Each structure stands twice: as C-alpha cells, then as structure tokens.
Amino acid sequence: MNKLEQLRGIFREMERALIAYSGGIDSTLVAKVAWDVLGDKALAVTAVSPSLLPEDLEDARVQAAEIGIRHEEVETQEMANPNYTSNPVNRCYFCKSELHDTLKPLALERGYPYVVDGVNADDLQDYRPGIQAAKERGARSPLAEVGITKAEVRQIAQQLGLPWWDKPAQPCLSSRFPYGEEITVAKLQRVGRGERYLRQLGWSNLRVRSAGDTARIELPPDQIKEFIAATDLPALVAAFKDFGFLYVTLDLEGYFSGKLNQVLAPEMRMVKI
C-alpha cells in the first residue's frame, strides 16, 4: 500500500476530523485528503493571530474554498502569554498549547473525535517543541504517522492536482526573532511589512530576520547575486527604515530551513512523536 492510500486509510478510520489548517502545503494536503475521504465530516480551522500574515490567511481561505472543505477561523491569544512573548527556546510549545487548547474543545463541541495537524516526517528531525504540546493534547499527525517527508508532501500534492504544491514554507512570523528577544505585535508587523515588500519585488522564498533594530534578509544562496544586481538597494533600505528598522543587512550564507535552531545544542534538535 502506498503512502497516499495509508493516509486515506487513517481518515477512513477516524470517520470525523478537525484539521488544524494554517494554509501551508502540509496542512493543505491533510485538508485535501480529509475532504476526499470524509467530505462534510471534515472541518478545517485556521488560527488567526498577529503572527499570521494577512495574505497567508487569505491564501488559506482561497485554498480551502478550492478544495471544497468547510473552513472556519478562530482567534488565538498566545500574545497574551509572557511564556510565549519572552521568546524562550520552547516558544513553539506555548503557541501550540494555545492552539490545541482552543481547537480541542471546539472539536469536542462539534462532535469531532480527532484534531489532526500537518506535521510531516521531516519535522521530527528538527527541534519542534510544539509537537510535544500537540501530542499532550491528543492531536494526531497523519503525515508523520505514515512517514511522509516534505518532498513527498509536495509530490503527493502535485499528484492530486493542488496548484500550491510548490508553495514555499511559511512558518509564523515569531520564528523571525532570535531566542530571548521579546516578541511584540509592532515587531511582528514590521517583519511582515518587510517580507511583503520583498515578495512584491518578485522574491518568494525568503525570510526577514529581526534582531533588535536590524533586519537581516535571507534568500536561497543561488539567488543572492541576482538579488543584489536586480534590486534598487537604496530604495529597499529606505523602505525598511520606514517600516521601523534602523539597519538593513543581507545574510551571505543564505536561507535554509531550521537556521534559527543552529544556536541549540545538537541533542535538542531531535523531537520524537
């Protein structure tokens, strides 16, 4: 039995499921397969907070509508928790705790015995304390259970005709700050404006890391030279200063997934589920 059929089998056994749906390709694939198997017995729910870009929320709405799955939005209050805003190394634990403490009662109220997320097999190879929070609250991760990697997520999504199969990963904006730096709504908005500006210039796979008053732009290594040659750098600097940054830099190493966690000891970078 191939992995897609195994994934479908999980949902057939569930009979009803609520999907923690961010609009990223992982949870979108989960929502698609859940809809294909369960139809109206599947519900996608997106958590709305200052760490979610408005355009990412709109993407989630559009994608859910095209899939056909019922889609709702709930507000989460992680920004009210100092354990989250102080940005410790386990910040994601408090984020996912808030998420699943919001989704689980909703699921029970609506008669959904399962809350499922989009954690994939590759996520288990990085430091992801949010996985622990979800597991403690009984959430299931069908992609990880089947052993589906990120590359396989994209492959299956393309096979199923999802036009967003190659959509760049877009974790929450709080991941743009070094551990220990306080997260505020104003800082999140500043980062969001910076990333929106760069996307409007045509760069899609990027990060604007924020450290104090410095913006550090990360792009894939093979795009750095082109970026420097094609970009009006004085205009970019002026724009970022308007957003509230004092300094604007370009990371010469380039972007890669999990970069934030380089500061962690090796033994902290593995999470079992």
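Keep in mind that this is a model prediction, so the values were computed, not measured. Numbers for residues simply follow the sequence, beginning at 1.
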Within the side chain of [X], is there an N or O that forms a donor-acceptor pair under 3.5 Å with the backbone of [Y]?
| X | Y | answer |
| --- | --- | --- |
| T85 | T184 | no |
| S27 | S22 | yes |
| N81 | N83 | yes |
| T76 | E78 | no |
| E152 | T149 | yes |
| K32 | I67 | no |
| D123 | N120 | yes |

Can you measure from [atom1] ([X]) to [atom2] ([Y]) and round to the nearest 0.5 angstrom?
| X | Y | atom1 | atom2 | answer |
| --- | --- | --- | --- | --- |
| L188 | R176 | CG | CZ | 9.5 Å |
| L162 | I156 | CG | CD1 | 10.5 Å |
| L219 | N205 | CG | CG | 8.5 Å |

The criterion is ring pair (Phe, Tyr, Trp, His ring centres under 6.0 Å); which residues satisfy it with Y114, sequence neighbours excluded?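 Once residues adjacent in sequence are excluded, Y114 has no partner under the ring pair (Phe, Tyr, Trp, His ring centres under 6.0 Å) criterion.
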
Name all residues meeting the ring pair (Phe, Tyr, Trp, His ring centres under 6.0 Å) criterion together with F11; count only those two or more places apart in sequence or in a different chain, and write none if there are none.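 So F11 forms no ring pair (Phe, Tyr, Trp, His ring centres under 6.0 Å) with any residue.
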
Residues forming a side chain to side chain contact (heavy atoms under 4.5 Å, CB included) with [X], sequence neighbours excluded:
| X | result |
| --- | --- |
| V74 | V45, T102, L103, L106 |
| K96 | L99, H100, A133 |
| P221 | none |
| K167 | D59, Q63, W164 |

Between [X] and [Y], what is the shortest heavy-atom contact and its length?
| X | Y | result |
| --- | --- | --- |
| A121 | Q125 | O-NE2, 3.9 Å |
| A34 | I19 | CB-CD1, 3.7 Å |
| L7 | P142 | CD1-CB, 3.5 Å |
| I25 | A157 | CD1-CB, 3.8 Å |
| L53 | G192 | CD2-CA, 3.6 Å |
| M14 | A17 | SD-CB, 4.0 Å |

Can you hop from L108 to V115 via hydrophobic side chains spaced under 4.5 Å?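 L108 and V115: separate clusters.
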
Treating Ile, Leu, Val, Met, Phe, Trp and Tyr as nodes and any side-chain heavy-atom pair under 4.5 angstrom as an edge, say whether I131 and L18 lie in one connected cluster.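 They do not share one cluster, since no chain of ILVMFWY contacts under 4.5 Å joins I131 to L18.
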
Verify side-chain contact (heavy atoms from CB on, under 4.5 Å) between L143 and D26, making sure each step is shown before the conclusion. CA-CA 8 Å; L143 299 176; D26 299 317; 4.1 Å; yes

Connected hydrophobic set around L52, excluding itself, where side chains approach under 4.5 Å: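 So far as hydrophobic clustering goes, L52 is joined with V48, L57.
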
By the rule that ILVMFWY residues connect when side-chain heavy atoms come within less than 4.5 angstrom, directly or transitively, which residues belong alongside L246?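 For the cluster that includes L246, the remaining residues are Y247.
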
Stepwise, does the salt bridge (Lys or Arg N to Asp or Glu O under 4.0 Å) test hold for D166 with R154? CA-CA 6 Å; D166 60 348; R154 297 193 184 282; 5.9 Å; no

Using the test side chain to side chain donor-acceptor pair (under 3.5 Å), find all partners of E58 that sit at least two apart in sequence or belong to another chain.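 Applying side chain to side chain donor-acceptor pair (under 3.5 Å) to E58 gives R61.
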
For residues 229-244, which residue pairs pass the side-chain hydrogen bond (donor to acceptor under 3.5 Å, both in side chains) check, not counting sequence neighbours?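 side-chain hydrogen bond (donor to acceptor under 3.5 Å, both in side chains) check on residues 229-244 returns no pairs.
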
Quick test of your reading: applying side-chain hydrogen bond (donor to acceptor under 3.5 Å, both in side chains), list the pairs with at least one residue in residues 185-194, sequence neighbours left out, ordered by first then second residue.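 Listed by first then second residue: E181-K187, R190-S210.
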
Compute whether any side-chain donor of one residue and acceptor of the other, for Y84 and S174, lie under 3.5 angstrom apart.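 Per modelled atom types, Y84 and S174 side chains form a pair under 3.5 Å.
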
Between Y93 and E136, do the side chains contain a donor N or O and an acceptor N or O under 3.5 Å apart?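 E136 vs Y93: donor-acceptor pair found between side chains.
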
Output, in order, the C-alpha distance, side-chain angles, deciding distance and verdict of salt bridge (Lys or Arg N to Asp or Glu O under 4.0 Å) for R207 and E195. CA-CA 7 Å; R207 298 287 184 270; E195 294 196 355; 5.5 Å; no

Ion pair [X]/[Y], N-O distance below 4.0 Å:
| X | Y | answer |
| --- | --- | --- |
| K150 | D122 | no |
| E218 | R209 | yes |
| E15 | K41 | no |
| E72 | R110 | yes |

side-chain contact (heavy atoms from CB on, under 4.5 Å) between L38 and R16: does it pass, once the steps are laid out? CA-CA 7 Å; L38 301 175; R16 291 174 61 85; 5.6 Å; no

So which pairs with a foot in residues 38-80 pass ring pair (Phe, Tyr, Trp, His ring centres under 6.0 Å), sequence neighbours left out?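 Counting only pairs at least two positions apart or across chains, the ring pair (Phe, Tyr, Trp, His ring centres under 6.0 Å) contacts touching residues 38-80 are Y21-H71.
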
